[in-house]
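Chain A is the first sequence line, chain B the second, and so forth, proteins listed ahead of strands; every chain is numbered from 1. As a basis for the values below, the full set of heavy atoms in this structure was taken, side chains included, without hydrogen atoms, waters or symmetry mates. Just so you know, these numbers come straight off a predicted model, no measurement behind them.
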Protein chains: 2
Amino acid sequence: MEPHATGTEVPHATPKSAQTRQRILDAAAEVLSRKGYAGTRLADVAAVAGVQAPAIYYYFGSRDALVEEVMWVGAHLVRLHVEEVLAALPEGAGPMDRLMVAVDAHLRFELQLSDYATASIRNAGHVPEQLRVRPAAEEALYSRLWRDLFVAAQQAGEVRADLDTSMFRLLLLGAMNWVVEWWNPRTRSLDELVATAQGMVRHGAGAR
Amino acid sequence: MEPHATGTEVPHATPKSAQTRQRILDAAAEVLSRKGYAGTRLADVAAVAGVQAPAIYYYFGSRDALVEEVMWVGAHLVRLHVEEVLAALPEGAGPMDRLMVAVDAHLRFELQLSDYATASIRNAGHVPEQLRVRPAAEEALYSRLWRDLFVAAQQAGEVRADLDTSMFRLLLLGAMNWVVEWWNPRTRSLDELVATAQGMVRHGAGAR
DNA sequence: CCATATTTCTAAATTCTATTAGAAACCGCC
DNA sequence: GGCGGTTTCTAATAGAATTTAGAAATATGG
């Protein structure tokens, strides 16, 4: 044995078979993003991961521990992704350019790249309170990232001086997060969505 | 007896004591808006309504029937409210004015007036499929209302001709719906929120 | 190729709620 | 003040899902 008992971290250096843990976590993210917290049964997760339900308990202490991990990873990955994309920008990029890129990165990651992001977004307000503590810390960091983007743009005069950027930012993130509730890749183009969202910021918050 | 058995409608003309049904429905909306579908237990609803759990079955066929009713009422009330407010506008109001008023009405109703609206919004994507059929019809009507507002504004030249209003509308409704996830009346002013959201539309979608 | 630890399974127990049965309380009315 | 119907309660049932127990299987290392 020696499963999940060592606190909140994730040991399991054993490379070969502990891919199973990852498979289970991936499966949980997938099911959670599709069915939500209420609709996610351990048996479903196990089926997707290709194991029997009790096998999950070898890697996670409980259903809720598994959910919490997915939520945290989701929040974490979104932030990392957006930070990376921003870091890759050339020095010359202005504050408004950086905002546009952040919008692009957030939407594409959430819709294409990561079940974790979708799961994290959709279920943030639906999991029991106690599961929100660790993910909330990540979300706070992400929130700060966006705050800084807006503050920089406003100070540079590229966002209207009289705009309440804090409120605008919350509205914008809401608009982008809610996309998971209606998005259908078959009927809409992701490029157009990104462009429309960017326009919402450029014109909605931009100066002039 | 003679409870809920008569199909999907809601008889109970008996005025006096069938306020209980309303109390239960109100309680369900309140709990549902706060705890979500997964976290809403019949016992909680009953406690808020001031009855014992089994009493609920005198008025509703099942837990899901109760939830469905709340969801439908929520979607219905939002639409009615916005329609009423729009109808009360003077003839002279332009398409952009009408959009501004709709934003105002949607946000104020959702945040101040109705647990039903909040419950309906928060749980739309989290209740089992079968419960979404009847509410979905209401939402479709509401969606059409907004589509018409944007089409009118665009035809009048008050919204940029090149804007994808369908996508912008979905983003806007998402932004407003997501507000229930972060709104705290103690730390933020509702007037400011409304003004910021209106600005998001006026500048984000408006011509010039 | 055997011994040992790791991993996963089957079967069973536990728990948590919705739901039902049936008895009591309540209410208006004669 | 008793009577019939309505409404609500207490107590029991049922069912589904998480979670444990403990046995098999699988891999690992000498």
### Query
Can you find a side-chain donor-acceptor pair between A/S143 and A/R169 that sits under 3.5 Å?
yes
### Query
Are B/T20 and D/dT7 close enough that a side-chain N or O sits under 4.0 Å from OP1 or OP2?
no
### Query
When the distance from CZ of A/R41 to C1' of D/dA17 is rounded to whole Å, what number comes out?
9 Å
#### Entry: Face-on cation placement of B/R134 at B/W72 ring, 6.0 Å and 45° thresholds
yes
### Message
Less than 4.0 angstrom from a charged side-chain N to a carboxylate O is my criterion; do A/E192 and A/R188 meet it?
### Response
no
#### Entry: Rounded interatomic separation in angstrom, taking CG from B/D64 and C1' from C/dA18
10 Å
### Query
For B/F60 and C/dT19, what is the distance between atoms CZ and P respectively, to the nearest whole Å?
13 Å
### Summary
From the candidates C/dT19, C/dT8, D/dC9, the one with an atom nearest any side-chain atom of B/A55 is D/dC9
### Closest nucleotide among C/dT19, D/dT19, D/dT8 to the B/Y57 side chain
C/dT19
### Message
Measuring to OP1 and OP2 of D/dT7, would you say a side-chain N or O of B/Y58 lies under 4.0 angstrom away?
### Response
yes
### Query
Taking NZ, NE, NH1 and NH2 as the nitrogens, is one of them in B/R132 or B/E68 under 4.0 Å from a carboxylate oxygen of the other?
no
### Query
Rounding to a whole Å, what distance do you find between A/K35:NZ and D/dA17:C1'?
14 Å
### Query
How long is the line joining OH of B/Y37 and C1' of C/dT17, in whole Å?
12 Å
### Task
Verify the contact: side-chain N or O of A/Y59 to OP1 or OP2 of C/dT8, cut-off strictly under 4.0 Å; return yes or no.
yes
### Query
Are B/H126 and B/Y37 near enough that their ring centres are under 6.0 Å apart?
no
### Summary
Whole-Å distance, B/I56 CD1 to C/dT19 C1', equals 11 Å
### Summary
B/Q52 has its side chain closest, among D/dT10, D/dT19, C/dA18, to D/dT10
### Task
For A/Q19 and C/dT6, give me the distance from atom CD to atom C1', rounded to whole Å.
15 Å
### Message
Which nucleotide wins on minimum distance to the side chain of A/V51, given the candidates C/dA18, C/dC9, D/dC9?
### Response
C/dC9
